[in-house]
Amino acid sequence: MVLCIGPEGSGKSLLLKKLQSPNYVDNTTTSVPTVGTNILSLRVADKLYTIREVGGTLAPMWPNYFVNVGKVMYVVDASNLCQISAAGVLLYTVLVNPLLRKAKFLLVLTKMDHSYRQMRNEALLMLQMKRLQQEIPQHVTIVEASAISGQGRDAILRWITDG
């Protein structure tokens, strides 16, 4: 199972809808904050994958969903510099949880279509990714994405289907 988590408003729901159907999300699509969890099935190359999205408001309860999780997709709104530091603190608490020691991690920097060119570098600096990669056993794959434009969709699908 893939667990999709991230702070409130980071774009998890729209991103997952874009993964399910490339034409589902456009400039007019809106979503409401996820209260609780959503479970969705994603069919890729005749194989079915289950993704559980847990709302950002449930961050204190995220560890309850870590059992038997092989992959974690952590979504951060790269266009919101005010949120990135808080997202980093949450990310650290997730990465050090013993239940996720062997899990594969994907850091998705969303809303890249709302960001300026250097936003990715600033987001990674604020998240202290270089230091973090030295201190944790897991490798964190990083993908820039946009639910509106579809940027990063193929890379995320490859990560989900890989091993």
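Residue numbers run from 1 in the order of the sequence given.
L3 contributes atom CG, which lies 9.5 Å from atom OH of Y65 (distance to the nearest 0.5 angstrom). Q128 CD to M126 CE: the interatomic distance, rounded to the nearest 0.5 Å, is 10.0 Å. Once rounded to the nearest 0.5 Å, the distance linking CG of N64 with OG1 of T37 reads 11.5 Å. With rounding to the nearest 0.5 angstrom, the CG atom of L58 is 11.0 Å from the CD1 atom of I5. To the nearest 0.5 Å, atoms CG (D77) and CD1 (I84) are separated by 7.5 Å. Distance check: I156 CD1 to Q151 CD gives 9.5 Å after rounding to the nearest 0.5 Å.
Without hydrogens or angle criteria, Y74 side chain to A87 main chain gives a donor-acceptor distance under 3.5 Å. The closest donor-acceptor contact from the side chain of R101 to the backbone of P137 lies at 3.5 Å or more, if one exists at all. No donor-acceptor pair under 3.5 Å is formed between the side chain of T50 and the backbone N or O of S41. One N or O on the side chain of K12 and one on the backbone of G6 form a donor-acceptor pair closer than 3.5 Å. The backbone N or O of L95 sits less than 3.5 Å from a side-chain atom of Q138, completing a donor-acceptor pair.
Under the 3.5 Å distance criterion, with hydrogens and angles disregarded, a donor-acceptor pair is assigned to the side chains of S13 and E53. Side chains of S21 and N23: a donor-acceptor N/O pair is absent below 3.5 angstrom, by distance only.
With hydrophobic clusters built from ILVMFWY side chains whose heavy atoms lie under 4.5 angstrom apart, L99 shares a cluster with V140. Linking ILVMFWY residues whenever their side-chain heavy atoms come closer than 4.5 Å, directly or via other members, leaves I39 and I51 in distinct clusters. Residue V96 is not grouped with residue L91 when hydrophobic side chains (ILVMFWY) are merged at heavy-atom distances under 4.5 angstrom, including chains of intermediate members. A single hydrophobic cluster is not seen to contain both F105 and M1; linkage of ILVMFWY side chains at heavy-atom distances under 4.5 Å, directly or through other members, places them apart. Note on V2: it does not cluster hydrophobically with L48, by side-chain heavy-atom contacts below 4.5 Å among ILVMFWY residues.
Across all their heavy atoms, Q83 and S10 have their closest contact at OE1-CB, 4.2 Å. When all heavy atoms of L19 and L42 are compared, the pair lying nearest together is O-CD1, 3.4 Å. The two residues R153 and P22 make their nearest non-hydrogen contact at NH2-CD, 3.4 Å.
Residue pairs meeting the side-chain hydrogen bond (donor to acceptor under 3.5 Å, both in side chains) criterion with at least one partner in residues 86-100, sequence neighbours excluded, do not occur; the list is empty.
Across L16, L109, L14, T110, a single residue satisfies side chain to side chain contact (heavy atoms under 4.5 Å, CB included) together with V75, and that is T110. R131 pairs with exactly one of E135, Q134, Q133 by the side chain to side chain donor-acceptor pair (under 3.5 Å) rule, that one being E135.
Within the 4.5 Å cutoff, no side-chain heavy atoms of W159 are placed close to those of V143.
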Please assess L107 against V76 for the test side-chain contact (heavy atoms from CB on, under 4.5 Å), listing each intermediate value before the final yes or no. CA-CA 7 Å; L107 174 62; V76 176; 3.7 Å; yes
Report the C-alpha distance between M73 and I160 in whole Å, list the side-chain angles of each, state the deciding distance to 0.1 Å, and finish with yes or no for side-chain contact (heavy atoms from CB on, under 4.5 Å). CA-CA 9 Å; M73 183 185 319; I160 289 171; 3.9 Å; yes
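Around the CG atom of N68, the shell of radius 6.0 Å holds no more than 12 heavy atoms that belong to other residues, nucleotides or ligands.
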